[in-house]
Amino acid sequence: MAVAVRELPLDLDAFEGPFDLLLTLVLREELELRDVDVAEIVLAFVDSRLERGDLEACGEFLVLVAALLELKARGLFPGEELDLEGLDPEDAAEELAERLAAYRRFRAAAGWLEERLAAESDRYFRLGAAPLAPVPARPLAQQDPVQLAVALRALAAARPEPSLRHLVLSYPPLARFLDRFRSLLASRGRFAFDNEVDRMTRVEQIVAFLALLELRKRNEARIAQAGPFEPITVWNASAS
Amino acid sequence: MERLRLVENPVDRLARTIEALLVIASKPLTIAELAAVTEEETERVETALGLIAGRFREGRSGVVLEHVAGGYAFRAAREAAEACARLVERPVQRGLTQASLETLAVVAYLGPVSRPEIARIRGVAADSAVAGLVERGLIAEAGRDREGGAVRYETTPLFERVFGLADHSELPDLDELGGEVEELRSRLEDVARRPA
Amino acid sequence: MERLRLVENPVDRLARTIEALLVIASKPLTIAELAAVTEEETERVETALGLIAGRFREGRSGVVLEHVAGGYAFRAAREAAEACARLVERPVQRGLTQASLETLAVVAYLGPVSRPEIARIRGVAADSAVAGLVERGLIAEAGRDREGGAVRYETTPLFERVFGLADHSELPDLDELGGEVEELRSRLEDVARRPA
């Protein structure tokens with residue numbers, strides 16, 4: 001029986017990001033992983049951050065977690081393969097493990113820096129010029145004005161800093177899909193998943209798929225698929 | 001000698017504390033300030049300063065205690081004046097950093113222009129680049145864009161000398177980017193807003 | 001005693017010159033810089049630094065010589081930390097958040113590195129953490145990764161100084177900081193394979 005998110009002593013806001021949260025959960029020795037739905041916690045976290053619009057860089061992470069969940073999803077469809085647009089769950093698990101390992105090293109390095117700073121807290125030195133020091137002169141050699149034109153052209157030619165903000169806008173919250181699927185199930189009793197997500201972006205499809213798994217887990221929906229890559233049909237679980 | 005130091009004169013410790021304060025201070029410190037910070041009587045601070053003056057004096061130390069109008073500060077010994085001059089006098093710098101050059105180009109072509117505008121065009125904060133260019137005298141403040149608005153910057157006569165320009169009209173042409181300043185500015189800001 | 005000092009060891013004079021340089025310098029000075037400015041051999045500079053280290057050390061002086069950020073600098077003795085804290089604020093190191101420290105760690109090990117690269121490693125946007133670290137002077141722009149590409153950042157000498165590092169090699173080896181991929185992978189698969 002999975003433990004609900006709200007029953008865990010976790011302050012989701014205290015985590016730096018999805019890697020921080022997932023790493024903490026995965027490494028938590030005292031928690032029996034069998035008893036905690038880590039994926040559910042991570043999704044609740046990602047969802048809350050998406051709603052606040054402050055999770056710009058989580059796109060890749062979401063894709064990786066979704067692919068990881070697909071491993072889990074195989075439990076829903078025994079002997080069948082689901083395909084999240086070619087993302088191999090094995091590769092995703094490998095990639096996610098590597099990304100978590102890299103993040104873990106930098107989190108440890110940050111901890112080392114923090115300890116170092118504490119140990120150096122009684123070391124004071126002057127910032128800036130000494131009170132009675134001569135004022136330094138910094139002569140600059142003759143410059144070619146063409147450099148200025150080159151610099152400005154480069155600024156005009158290319159976007160200087162890629163922004164990930166636009167990605168956020170394309171991330172619908174999980175809750176929106178839950179609501180939509182629930183109302184479809186309530187009004188029609190069943191729907192074809194593929195038709196619903198047909199025109200969506202890949203990321204929207206992933207979030208929609210996660211919503212579907214969530215409904216299945218809450219016993220609100222039943223899911224059937226004739227075979228690999230076949231359309232998924234969703235039924236209202238209580239209506240049957 | 002070492003045994004004697006075990007029975008330390010308490011003023012010695014205060015003197016060391018004041019030495020520490022003087023070496024981290026960025027301005028001369030008055031006796032009142034020293035007394036407040038060390039939580040000591042001014043008389044004891046004066047006694048300690050006497051000890052320090054004996055230790056840090058010309059001929060004995062390269063670091064010399066100086067009493068100036070604003071208070072007490074460490075300075076370099078006069079015998080080291082030549083070496084200090086060589087330290088302070090920087091070799092001629094051959095070029096500007098990328099950040100400075102971009103910032104300078106924006107100010108030169110679009111100025112007067114404010115830091116927020118420069119940041120929008122460059123896609124990163126311009127504060128330290130602007131401060132560096134002001135310190136070098138290549139750009140200078142040119143009023144505010146409106147009352148209470150952001151300070152705007154323009155290039156200086158030194159900028160024109162360093163870049164060998166008789167005046168602003170000699171900046172290399174950017175015709176293909178649009179000749180008018182306003183056109184150029186809106187074009188650059190459009191680029192900066194565009195997602196990657 | 002005073003008569004004896006008339007027959008001065010010539011390294012003493014060099015030591016005083018170096019003391020003078022260190023007290024006016026606004027950053028640590030390397031042995032090469034000291035040798036150039038004093039017009040002396042590096043060996044003699046090293047000998048003089050040894051003398052200075054003996055004179056300016058914890059317990060003996062309020063001014064202490066330290067080897068930091070690739071060079072030598074004076075700082076306050078640790079015993080004077082309380083008084084120093086009353087004199088100056090420490091805007092550089094005060095209130096560094098977890099986000100700042102993680103970002104700083106990424107820049108320290110991987111720099112020059114751009115904001116998108118930092119965000120990819122941390123899984124969250126790095127914009128405000130990077131801006132805060134630039135503001136504090138712990139990291140600085142280091143060009144763009146290609147023309148028109150993202151601005152890259154690297155740590156500054158102030159970073160090494162604030163963290164009391166003689167140089168970058170004093171950072172712990174990243175590989176020794178954990179992050180065994182295999183272990184994480186098997187834990188992840190435990191999570192993943194458990195039926196919903």
CD1-CG distance between B:I121 and A:L155, expressed to the nearest 0.5 angstrom:
8.0 Å
How close do A:A151 and B:E102 get, counting heavy atoms only, and between which atoms?
CB-CA, 4.2 Å
Given heavy-atom pairs under 4.5 angstrom as the criterion, report whether the side chain, backbone, both or neither of B:L101 touches chain A.
both
Looking at A:Q142 and B:R94, would you say the former's side chain and the latter's main chain have a donor-acceptor pair under 3.5 Å?
no
Would you check, one step at a time, whether the test side-chain contact (heavy atoms from CB on, under 4.5 Å) holds for B:F159 with A:L148?
CA-CA 12 Å; B:F159 161 80; A:L148 297 168; 3.5 Å; yes
Here the pair of heavy atoms bringing A:P131 nearest to B:A25 is CD-O, 3.4 Å
Side chain, backbone, both or neither of B:L22 within contact of chain A (heavy atoms, under 4.5 Å):
neither
Crowded around B:E41 CD? As in, over 12 foreign heavy atoms under 6.0 Å?
no
Where on B:V23 is there a heavy atom nearer than 4.5 Å to chain A: the side chain, the backbone, both, or neither?
backbone
Let me confirm one number: the CG-CG distance from A:L152 to B:L110, rounded to the nearest 0.5 Å.
6.0 Å
Is B:L165 in contact with chain A via its backbone, its side chain, both, or neither, using a 4.5 Å heavy-atom distance?
side chain
For B:Q98, is it the side chain, the backbone, both, or neither that has a heavy atom closer than 4.5 Å to a heavy atom of chain A?
neither
Does A:E114 CD have over 12 foreign heavy atoms under 6.0 Å away?
no
Atom CD of B:E46 with >12 non-hydrogen neighbours under 6.0 angstrom
yes
Shortest non-hydrogen contact from A:A149 toward B:Y109
CB-OH, 3.6 Å
